[in-house]
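Note sheet for the following structure.
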Amino acid sequence: MKREVRVYNTLTQEKEVFVPREPGKVSVYVCGVTPYSDTHLGHARPSVVWDVIIRFFDWLGFETLQVQNFTDVDDKIIQRALKEGVPALEISKRYIAEYLESMDALGVRRADHYPKVSEHIAEIIGLIQQLVDNGHAYEADGDVFFSVSSFDDYGKLSKQKLEELREGTRFEVDPKKKDAADFALWKAAKPGEPAWDSPWGKGRPGWHIECSAMSLKYLGKEFDFHGGGNDLIFPHHENEIAQSEAATGRPLAHYWVHNGMITLKDAKMSKSLGNIISLKQLLAKYPKGLLRFYLLSTHYRSGLEYYEGKLEEMGRGWSRLNEAARKLQEDLAQAEEGELTESDRETLENLGRLDEEVAEALSDDFNTAMALGVLFDVVREINAYKHRGGANSQVLQKGWDVLKLWAGDILDVLELEKREQEGLTESLLDLLLAVRDELRRERNFALADKIRNGLAELGVSIEDTPQGPRWKV
RNA sequence: GGCGGCAUAGCCAAGUGGUAAGGCAGAGCUCUGCAAAAGCUCCAUCCCCAGUUCGAAUCUGGGUGCCGCCUCCA
């Protein structure tokens with residue numbers, strides 16, 4: 001391990017030094033989505049955050065194993081299926097595909113496994129049976145409930161007291177429950193719903209049990225990280241802990257990592273509130289690097305606001321980072337080797353220090369906001385160096401290495417390639433700029449400016465540099 | 001009502017005991033045919049009150065405001 005990683009653990013409410021279950025390996029379970037409608041911005045947050053965490057561990061030399069579930073058996077899916085008159089699994093299949101497509105477009109690396117409830121009914125039934133046998137669950141008229149009072153640690157994650165939970169119940173309690181706080185592991189089948197055979201009759205799994213069953217199958221007991229949005233802490237993760245730990249007698253996961261919510265006009269973005277920003281739409285409008293930059297600009301545990309125009313605002317800062325990397329890439333082609341001057345050495349040294357600072361920021365509870373801040377320092381260091389006339393290949397290479405590693409490979413916020421242009425656009429632009437350059441040499445600035453202004457109106461900005469004109473869309 | 005969290009410049013956002021990173025916006029300068037880009041300089045005492053301490057944005061207590069959860073939810 002190259003360095004110590006510290007992580008804030010929801011369970012202990014403290015930042016802890018990460019000690020892997022198995023040396024050199026990291027196991028991660030991140031709660032995925034219930035696929036019944038469009039993937040939205042809120043879903044992108046845990047995905048991108050964990051994508052970065054996994055990449056970082058990868059860089060640290062860990063072997064990573066990541067599992068993300070799809071809860072494809074669920075009330076909402078069933079409702080939707082009835083409305084559309086198609087099988088429930090068809091609905092979930094459609095939205096799973098859409099989800100994965102969006103995540104791919106966001107540059108999120110695929111998890112190792114994407115288990116679905118519908119394909120793990122046997123494991124789920126097995127786990128429920130174990131809980132019934134243990135005395136932690138009971139059957140009632142085809143339903144099976146988990147008995148919270150049988151699990152002493154109930155509430156340890158969300159810091160809830162059982163008493164309060166019972167009193168806080170705002171909905172009608174199912175009379176079949178022995179305790180108002182008990183929750184369903186298995187639900188007896190209702191007409192028209194998907195159902196599977198079980199020792200308790202036809203039915204389907206309750207909401208939380210799938211994560212216990214599937215994490216156990218793919219990651220085993222006591223895996224390292226369990227992640228998801230902080231809206232899942234209670235009841236979902238609390239219940240997962242109860243089920244898993246009551247069954248195995250071991251801690252479910254060592255570190256519980258929860259990301260903050262994305263809000264829209266001060267309200268959480270959620271399907272039920274209908275204040276959703278579709279990820280597909282955002283991806284069509286903004287480069288993925290900018291989207292990731294936005295998502296990583298705040299510490300993962302904080303809330304993150306979205307509003308119309310926010311990405312445009314962030315885009316100005318993001319461009320600075322991105323353009324610096326692009327230009328550096330170009331400069332590197334014509335960099336000169338040679339003896340290091342005093343200025344070269346100093347810059348090299350500063351870049352080395354900043355490189356270390358980024359690694360340190362990410363090691364400290366995955367502080368991407370700070371990492372980005374340091375990367376802007378890197379940008380200034382490089383630009384200032386070039387401004388002084390520096391062009392030593394070793395120095396530029398170091399700058400490139402730092403940006404490429406962190407902004408490119410780990411955070412993945414750069415867009416180094418020019419955006420795909422429609423067929424001829426690029427060559428036409430080059431031709432137009434060559435003509436304009438000719439005009440400038442003839443000092444026909446009026447016409448040259450007319451071209452520049454015209455292009456600006458079309459969204460193409462021109463920069464005249466000593467190496468010739470650059471354009472960007 | 002209970003639980004968890006947050007409150008830092010016009011905006012976004014790090015910092016969690018030693019005298020406030022970074023980005024955007026803004027002002028000035030350099031460079032440029034003019035721009036753009038880039039560089040340099042400037043731009044906050046950290047919600048309020050009371051404590052602890054030689055010293056607090058950072059710890060404690062009390063307020064106020066906001067967010068999340070307690071119901072499906074990333």
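Letters A, B, ... mirror the listed sequences (proteins, then strands); counts begin at 1. The figures here come from the full heavy-atom set of this structure, side chains too, leaving out hydrogens, waters and symmetry mates.
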- Picking from B:G33, B:G68, B:G2, the nucleotide nearest the side-chain atoms of A:Asp449 would be B:G33

- Under the 5.5 Å and 30° test, is A:Phe376 stacked on the base of B:G22? no

- Query: Relative to each other, are the rings of A:Phe366 and A:Tyr300 parallel, tilted or perpendicular (30° and 60° limits)?
  - Reply: tilted

- Query: Considering every strand shown, what is the Watson-Crick or G-U wobble mate of B:U16 when both distances are under 3.5 Å?
  - Reply: none

- Any strand, both distances under 3.5 Å, Watson-Crick or G-U wobble: B:C34 pairs with none

- Task: Return the nucleotide paired to B:G1: Watson-Crick means purine N1 to pyrimidine N3 with N6-O4 or O6-N4, wobble means G-U with N1-O2 and O6-N3, both under 3.5 Å.
- Result: B:C70

- Note on the structure: Answer for the Watson-Crick or wobble partner of B:C47, both distances under 3.5 Å, is B:G63

- Item | Distance-only donor-acceptor check, side chains A:His254 and A:His226, under 3.5 Å | no

- Between B:U19 and B:G51 - P atom distance, rounded Å: 25 Å

- Taking only heavy atoms on the protein side, list every residue of residues 360-375 of chain A lying under 4.0 Å from any atom of RNA chain B, sorted numerically. A:Asn367, A:Ala369, A:Met370, A:Gly373

- Pairwise P distance for B:C72 and B:A38, with rounding to whole Å: 50 Å

- 4.5 Å side-chain heavy-atom contact, A:His113 and A:Met214: no

- Item | Rounded distance in Å - CD1 (A:Ile451) to C1' (B:C34) | 15 Å

- OP1, OP2 of B:G5 versus side-chain N and O of A:Gln13: anything below 4.0 Å? yes

- pair A:Val28-A:Trp50: side-chain heavy atoms closer than 4.5 Å: yes

- Pairs where residues 68-78 of chain A contributes a residue and the test side-chain hydrogen bond (donor to acceptor under 3.5 Å, both in side chains) is met, not counting sequence neighbours: A:Tyr29-A:Asn69, A:Gln68-A:Tyr99, A:Asn69-A:Thr71, A:Thr71-A:Glu210, A:Asp72-A:Ser118, A:Asp75-A:Arg204

- Taking the side chain of A:Arg45 as heavy atoms from C-beta outward, which of B:A74, B:C70, B:G2 is closest to it? B:A74

- Task: For B:A13, take OP1 and OP2 only and decide whether either is under 4.0 Å from a side-chain N or O of A:Ser297.
- Result: no

- Please state the P separation for the pair B:A14 and B:A7 - nearest whole angstrom. 9 Å

- Length of the line joining A:Arg301:CZ and B:U16:C1', which is rounded to integer Å: 12 Å

- Task: State, to 0.1 Å, how close A:Gln66 and A:Ile54 come at their nearest heavy-atom pair, and which atoms those are.
- Result: OE1-CG1, 3.8 Å

- Task: Identify, with sequence neighbours excluded, every residue that meets salt bridge (charged side-chain N to carboxylate O under 4.0 Å, His left out) alongside A:Arg440.
- Result: A:Asp437, A:Asp464

- Would you please say whether a donor-acceptor pair under 3.5 Å links the side chains of A:Glu16 and A:Thr12? yes

- Mind checking side-chain hydrogen bond (donor to acceptor under 3.5 Å, both in side chains) for A:Thr368 and listing every partner two or more places apart, or none if nothing turns up? none

- Task: Look at the side chain of A:Asp231 and decide which nucleotide, out of B:C11, B:C69, B:G33, has an atom nearest to it.
- Result: B:C69

- If you check every side-chain atom of A:Lys310, which of B:C12, B:C70, B:C69 has the closest atom? B:C12

- Message: What's the gap between B:U58 and B:C43 when it is taken at their C1' atoms, as a whole Å value?
- Response: 24 Å

- Message: Measure OH/A:Tyr154 against P/B:C3 and give the value in whole Å, please.
- Response: 17 Å

- Whole Å only: how far is the CE atom of A:Met314 from the C1' atom of B:G22? 11 Å

- Task: List for me each residue that meets salt bridge (charged side-chain N to carboxylate O under 4.0 Å, His left out) alongside A:Arg353, sequence neighbours excluded, and say none if there are none.
- Result: A:Glu357

- For A:Ile262, which contact category applies under a 4.0 Å heavy-atom criterion: base, sugar-phosphate, or nothing? base

- Would you say the side chains of A:Ser212 and A:Glu240 form a donor-acceptor pair under 3.5 Å? no

- Atom NE2 of A:His299 and atom P of B:G5 are separated, to the nearest Å, by 14 Å

- Query: Taking only residues two or more places apart in sequence or in another chain, which ones pass salt bridge (charged side-chain N to carboxylate O under 4.0 Å, His left out) with A:Arg301?
  - Reply: A:Asp365

- Polar side chain donor-acceptor pair, A:Asn230 to A:His258, under 3.5 angstrom: no

- Task: Name all pairs fulfilling the side-chain hydrogen bond (donor to acceptor under 3.5 Å, both in side chains) condition that reach into residues 371-383 of chain A, sequence neighbours left out, sorted by first residue then second.
- Result: A:Asn350-A:Glu381, A:Asp377-A:Arg380

- Message: Classify A:Thr10 by what it touches in the nucleic acid, base, sugar-phosphate, or nothing, heavy-atom distance under 4.0 Å.
- Response: nothing

- Message: Going by purine N1 to pyrimidine N3 plus the second Watson-Crick contact, or the G-U wobble pair, all under 3.5 Å, which nucleotide sits opposite B:C40?
- Response: B:G28

- Which pair of heavy atoms, one from A:Phe56 and one from A:Val5, lies closest together, and at what distance? CE2-CG2, 4.3 Å

- Task: Sequence neighbours left out, what passes side-chain contact (heavy atoms from CB on, under 4.5 Å) with A:Ala188? Give chain and number order.
- Result: A:Asp143

- Round to the nearest Å and state the distance from A:Glu305 atom CD to B:C12 atom P. 8 Å

- Determine the interatomic distance between C1' on B:C48 and the same-named atom on B:C66; round to the nearest Å. 15 Å

- Task: Enumerate the residues from residues 71-82 of chain A whose closest heavy atom to RNA chain B is under 4.0 Å, giving them by residue number; use none for an empty result.
- Result: A:Lys76

- Query: A:Gly227 near the nucleic acid: base, sugar-phosphate alone, or nothing, with a heavy-atom cut-off under 4.0 Å?
  - Reply: nothing

- Task: For B:C54 and B:C59, measure between their C1' atoms and round to the nearest Å.
- Result: 16 Å

- Task: Classify the nucleic acid contact of A:Ala448 as base, sugar-phosphate or nothing, counting any heavy atom under 4.0 Å across all strands shown.
- Result: nothing

- What is the base-pairing partner of B:U58, counting Watson-Crick and G-U wobble geometry with both distances under 3.5 Å? none

- RNA chain B contacts among residues 95-107 of chain A, heavy-atom distance under 4.0 Å: none

- Return the set of residues passing ring pair (Phe, Tyr, Trp, His ring centres under 6.0 Å) with A:Tyr306 (not counting sequence neighbours), or none when no residue passes. none

- A:Leu232 CG to B:A74 P, in whole Å, measures 7 Å

- Note on the structure: By nearest-nucleotide position on RNA chain B, the 5'-leaning member of A:Met269 and A:Lys161 is A:Lys161

- Query: Whole-Å distance between B:G33 C1' and A:Leu447 CG?
  - Reply: 15 Å

- Task: Between B:C11, B:G22, B:A74, spot the one nearest the side chain of A:Asp377, thanks.
- Result: B:G22

- In B/S/- notation, 5' to 3', how is nucleotides 35-47 of chain B contacted by protein heavy atoms closer than 4.0 Å? BBSSSS-------

- Message: Distance check, C1' atoms only: B:C46 and B:C12, in whole angstrom units.
- Response: 16 Å

- Roughly how far apart, to the nearest Å, are B:A9 and B:A27 at atom C1'? 15 Å

